[in-house]
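Please read the structure below before turning to the comments.
Keep in mind the model is a prediction, meaning the values are calculated, not measured.
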Protein chains: 2
Amino acid sequence: MSKTKQTTKTDILKRTIPLFAQYGYDKVSMRQIAEAVGIKAASLYHHFPDKQALYIEALSLAFSNHADFMDESFVLQASPERRLRQLILGLCTLVNEDPDFSRLMQREIMDGDEKRLQFLADHVFGDFFRDMSELCLSMAPDKDPHLMSISVLGLVIYHFQISPIRFFLPGFQDSHNDSQVVAEHIFSLLKNTH
Amino acid sequence: MSKTKQTTKTDILKRTIPLFAQYGYDKVSMRQIAEAVGIKAASLYHHFPDKQALYIEALSLAFSNHADFMDESFVLQASPERRLRQLILGLCTLVNEDPDFSRLMQREIMDGDEKRLQFLADHVFGDFFRDMSELCLSMAPDKDPHLMSISVLGLVIYHFQISPIRFFLPGFQDSHNDSQVVAEHIFSLLKNTH
DNA sequence: GTCTATAAAGGGATAGAC
DNA sequence: GTCTATCCCTTTATAGAC
């Protein structure tokens, strides 16, 4: 059994996801990726035809990691109110504890081309968003479920998205970074909606 | 009176803002900026010491364009509810009609260093955010005004931020891109908060 | 599967003429 | 204030040995 380092595609992708998430596609060089993996840049081309392909696969892996959460957020049988509460907490936790995922998503929405966005909408978020819209409809039948779903996402995602500057804004407290505190705030803001 | 083209710093900055906003700092080259302005790249260095400085000044100009809105959003004397309604509509209109400003802001929050973020928080948004927090406090005295302000911003900004993918999500309608429709939705969502 | 070496292109920036 | 010409560096990507 040889001890030669046999890097797999997945090894590379796992090391690469945080780099793309933190710095963005352009600021990450093939050399930098290679260094993080522990090989030379040229060797990357044995696994991927080019940088774009590497990026796309990293993206797919980062997103597939969370398919479970999205599928399972709606299985539990409970009142709409309890389900919404649970969903918000789950979202807060996800977004708060996996910044890589959130940042990749944000970068894609900003800079992704139409084809990739359509793919994301159809195959990554489609079902999740549909379930969410149904939940919103049962919570607030007089409101546009699409707009409501966006609002819920916005309340959660934007809060953590602007964490870097939130710290400097008047009234900041440490507890504002806590998933549970934020989730409770957002839920209390939505539950009175009629 | 000579007809020689005498490009001013401001001319350059105005042409540059949309480029940085759309593509981001790295994807915009000095040659590309020069072409947009109508001069050669070397000439840019007569006006700015380097690319960073050009970017910072473009940023400042893009943000100063909206200082007025932020200062004036709270002058009118009316009930808190009417003031909130007006603020939300103003924000929606601003974010919807000047995508450059929103995108630059978003990019800064993602990739800006601590020093620049502190500057933004102190000198661009500080007073605005403080006024907003007071308004939130008078609307919902039992809620954390900092969290409430972030929530209002998130409801507005996130909605337009994800416009590129919103189009592909179930339930999308053209009216969801209309400032007034969105503002009304957000206000109706907040006005019942106790 | 990984390496060294290198090609080819594009980037930021400077020098000096006009 | 703008130009041409050029330097120097980094980047992506390929070729071919091991």
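Here His47(A) reaches the OP1 or OP2 of dT2(C): one of its side-chain N or O atoms lies under 4.0 Å away. Side-chain nitrogen and oxygen atoms of Thr7(A) include none within less than 4.0 Å of the OP1 or OP2 phosphate oxygen of dG1(C). Contact between the side-chain N/O atoms of His46(A) and the OP1/OP2 oxygens of dG1(C) is found at a separation under 4.0 Å. Taking 4.0 angstrom as the limit, Ser43(B) places none of its side-chain polar atoms (N or O) nearer than this to OP1 or OP2 of dG1(D). Residue Ser29(B) places no side-chain N or O under 4.0 Å from the OP1 or OP2 atom of dG10(C). At the phosphate of dC3(C), neither OP1 nor OP2 sits under 4.0 Å from any side-chain N or O atom of Lys40(A).
In terms of modelled atom types and a separation under 3.5 Å, the side chain of Arg107(A) and the main chain of Gln22(A) share a donor-acceptor contact.
With distances taken from any side-chain atom of Tyr45(A) to the nucleotides dT12(D), dT2(C), dC3(D), the minimum falls on dT12(D). In the set dA13(C), dC3(C), dT4(D), the nucleotide with an atom closest to the side chain of Ala42(A) is dC3(C).
If you take CZ of Phe48(B) and P of dT14(C), they are 15 Å apart, rounded to a whole angstrom. Separating the NZ atom of Lys27(B) from the C1' atom of dT11(D) is a distance of 15 Å, rounded to the nearest angstrom. The distance between atom CD1 of Ile33(B) and atom C1' of dG10(C), rounded to the nearest whole Å, is 15 Å. Atoms NZ (Lys9(A)) and C1' (dT2(C)) sit 17 Å apart, rounded to a whole Å. One interatomic measurement links the two molecules: CG of Leu54(B) to P of dG11(C), which rounds to 15 Å at whole-angstrom precision. In this structure, CD1 of Ile39(B) is placed 8 Å from C1' of dG1(D), rounded to the nearest angstrom. Counting to the nearest Å, the P atom of dT11(D) and the CG atom of Asp50(A) are 17 Å from each other. Distance CG (Leu44(B)) to C1' (dT14(C)): 14 Å, rounded to an integer number of Å.
For the residue pair His159(B)/Ser151(A), the side-chain donor-acceptor check at 3.5 Å is not satisfied. For the 3.5 Å distance criterion, the side chains of His66(A) and Asp98(A) qualify, holding a donor opposite an acceptor.
Summary of the strand contacts: Lys51(B) and Ala41(A) both lie near DNA chain C, and taking for each the nucleotide with the nearest heavy atom, the more 5' one is attributed to Ala41(A). Each of Pro49(A) and Gln32(A) was assigned the nucleotide of DNA chain D with the nearest heavy atom; the assignment lying further toward the 5' end belongs to Gln32(A).
In the interface, the side chain of Arg31(B) is paired with the base of dG12(C) through a donor and an acceptor atom under 3.5 Å apart.
For Tyr55(A) and Phe48(A), the ring centers are positioned 6.0 Å apart or more.
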Exercise for review: Might you work through the salt bridge (Lys or Arg N to Asp or Glu O under 4.0 Å) test for Arg85(B) and Glu184(B), ending with a clear yes or no?
Suggested key: CA-CA 8 Å; Arg85(B) 189 197 198 101; Glu184(B) 203 48 52; 3.1 Å; yes
